[in-house]
Amino acid sequence: MPSLAIPAVPSRALLQLSAGIICLAFSPVLVRLADVGPVAAAFYRLLLAQPILVLLLIPRFKSGESLACSWCARWWAWLSGVFLGLNLVLWNQSLSMISIANASLVDSLAPLFITLFAWWGMGERPSRQLALGMVLAVVGTFLLILGEGGGFAGIHDSRLVAGHLVALFGALLYAAYFLALKQALRRGAFPRVMLASCMAATVTLVPLLLWRGGALLPHGWMAWSMLGAMALLVHCAGQGLVGKGFDRLPAATASLMLLAQPVVSALLAWGLFSEALGMLQIAGAGTVLAGVYWGGKK
C-alpha cells in the first residue's frame, strides 16, 4: 500500500501553503456574511485587494529588488486572472445554491483537474490512478447531492444539481488558474505576477457586473467589512501564500495539502451556520477527497 506520508519539502514553503489554506477556508463564510451578489462579491474582493498588493510592491521597488516580468509572464498572469475572475463568480454562485461543505468539497476537485490537464498537455494517456480518482470523484459528488437532498429526492432537485454543476465548472477554472499562474511565476517576479493576475480578474468581471444590473455598491458596514476581509485575508494573504507555496512545492504534495481547505470550511460552516453533515455527505466527502488524492498521485 502506498505511503500517505508527505515527502520532505522546504519547511518555509510548507508553512506558507498551510497558512494560505487556512485563510482561503474563510472565503465561503465571508461570502455568506457579506450578503451581496456573486459577481459583486468577486469584483470587490479583487478591487479592494489591489491597493494592498501595490503597497506590498513599494518597499521592493525602493530596495532595488529585481521585479522583472517578461511579456510572456504577463500574458500568463493575465490569463490566470481571467480564469480566477470567472472561478470566483461560479464559486460564489454555488454558495447560494448548495451548502458550504458541498461547494467546498466539489471545489476541492481542482487538484484532480490539474493532474488531468497535465496529462492532456503532455499528450499521454491518463494513468489508472487518475481514472480511479475520477470515478471516485464522480461517485463522491453523487453522494454529496444525495446527502444534501435527503436521499434520491435530491437527484430531482434541479437547483441542487445545478448548484453542484456550477461548483464543478468553478473547480475546472480554479485548476486552469493554478496552471496559468505557475507558468507566470516561472517567468516573472511574484508580486508583479499576483498584481497583474488580480487586475486582469477585476477587468474580466466589469462587463458581468454591469450586465447583472442592480445596485453597483454594497450597502452597510457589514458588507464592506466582509468584502475588505475577503480582500486582505483571503486574496492577499490566502491566495498569495498558496500561490507562493504551490510554486515552491512538488505538485503532488501541494495538491494533497489543498485537501485540508474544504474540511476547515465545512467545520466553520458547522459552527457558524449549523450546517451539519449527514452520513451520506460524510461518505461523499471521504470519497471525493480519496479520489482527489489517488488521482493526483504519480
Side-chain angles (χ1 to χ4, degrees), residues 20 22-58 74 77-100 103-104 107 159 162-163 165-167 169-171 173-174 176-177 181 191-243 261 265 268-269 272-273 275:
I22 293 174
C23 291
L24 289 179
F26 281 89
S27 179
V29 172
L30 294 173
V31 170
R32 284 274 186 89
L33 293 175
D35 195 27
V36 297
V39 180
F43 176 79
Y44 284 106
R45 161 183 163 172
L46 295 163
L47 185 67
L48 295 174
Q50 290 177 52
I52 302 171
L53 295 175
V54 171
L55 288 175
L56 293 175
L57 271 174
I58 293 176
R74 293 176 190 176
W78 294 336
L79 183 61
S80 73
V82 173
F83 291 142
L84 176 62
L86 296 177
N87 158 256
L88 289 177
V89 171
L90 293 179
W91 160 249
N92 293 345
Q93 181 64 48
S94 71
L95 291 171
S96 66
M97 304 171 74
I98 58 179
S99 67
I100 285 178
S104 300
D107 191 61
R159 181 176 177 81
L165 288 176
V166 168
F169 282 116
L173 289 168
Y174 199 34
Y177 159 72
L181 183 66
R192 288 191 63 177
V193 166
M194 296 304 294
L195 179 60
S197 178
C198 186
M199 292 176 68
T202 307
V203 172
T204 300
L205 297 185
V206 170
L208 290 176
L209 187 66
L210 297 175
W211 176 71
R212 295 274 295 192
L216 296 180
L217 293 175
H219 297 288
W221 67 269
M222 182 67 171
W224 281 111
S225 60
M226 292 302 102
L227 292 171
M230 276 192 276
L232 179 61
L233 180 68
V234 177
H235 195 86
C236 292
Q239 208 74 44
L241 288 169
V242 167
Q261 182 185 330
S265 294
L268 290 171
L272 294 173
F273 304 115
E275 291 188 0

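As a basis for the values below, the full set of heavy atoms in this structure was taken, side chains included, without hydrogen atoms, waters or symmetry mates.
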| query | Are more than 12 heavy atoms from other residues, nucleotides or ligands located less than 6.0 Å from atom CZ of F169? | reply | no

| M199 atom CE, over 12 foreign heavy atoms within 6.0 Å | no

| query | Looking at the rings of Y174 and W91, which for Trp means the six-membered one, are their centres under 6.0 Å apart? | reply | no

If I compare all heavy atoms of [X] with all of [Y], which pair ends up nearest, and what's the gap?
| X | Y | value |
| --- | --- | --- |
| P28 | S265 | CG-OG, 3.8 Å |
| C198 | L53 | CB-CD1, 3.9 Å |
| A42 | L88 | CB-CB, 3.6 Å |
| L90 | G170 | CD1-N, 3.8 Å |
| G85 | A201 | N-CB, 3.8 Å |
| R159 | S96 | NH2-O, 2.8 Å |

To the nearest 0.5 Å, how far apart are [atom1] in [X] and [atom2] in [Y]?
| X | Y | atom1 | atom2 | value |
| --- | --- | --- | --- | --- |
| L205 | Y44 | CG | OH | 11.5 Å |
| L47 | L227 | CG | CG | 10.0 Å |
| Q50 | H235 | CD | NE2 | 8.0 Å |
| L33 | M222 | CG | CE | 4.5 Å |
| N92 | S27 | CG | OG | 6.5 Å |
| T202 | L84 | OG1 | CG | 8.5 Å |

Answer yes or no: is there a side-chain heavy-atom contact under 4.5 Å between [X] and [Y]?
| X | Y | answer |
| --- | --- | --- |
| L241 | L24 | no |
| V31 | V36 | no |
| F43 | L208 | no |
| R32 | E275 | yes |
| F83 | L79 | yes |

| request: Would you check if the side chain of N87 reaches a backbone N or O of L173 as a donor-acceptor pair within less than 3.5 Å? | output: no

| Judged by atom type as modelled, is there a donor-acceptor pair below 3.5 Å linking the side chain of S80 to the main-chain atoms of A77? | yes

| request: Run the numbers on I52 and C236 for side chain to side chain contact (heavy atoms under 4.5 Å, CB included), then give the verdict. | output: CA-CA 7 Å; I52 302 171; C236 292; 3.7 Å; yes

| message | Pairing donors with acceptors under 3.5 angstrom, does anything connect the side chains of Q261 and S104? | response | no

| query | Are Y177 and S197 close enough, and set up right, to give a side chain to side chain contact (heavy atoms under 4.5 Å, CB included), and what steps lead you there? | reply | CA-CA 9 Å; Y177 159 72; S197 178; 3.8 Å; yes

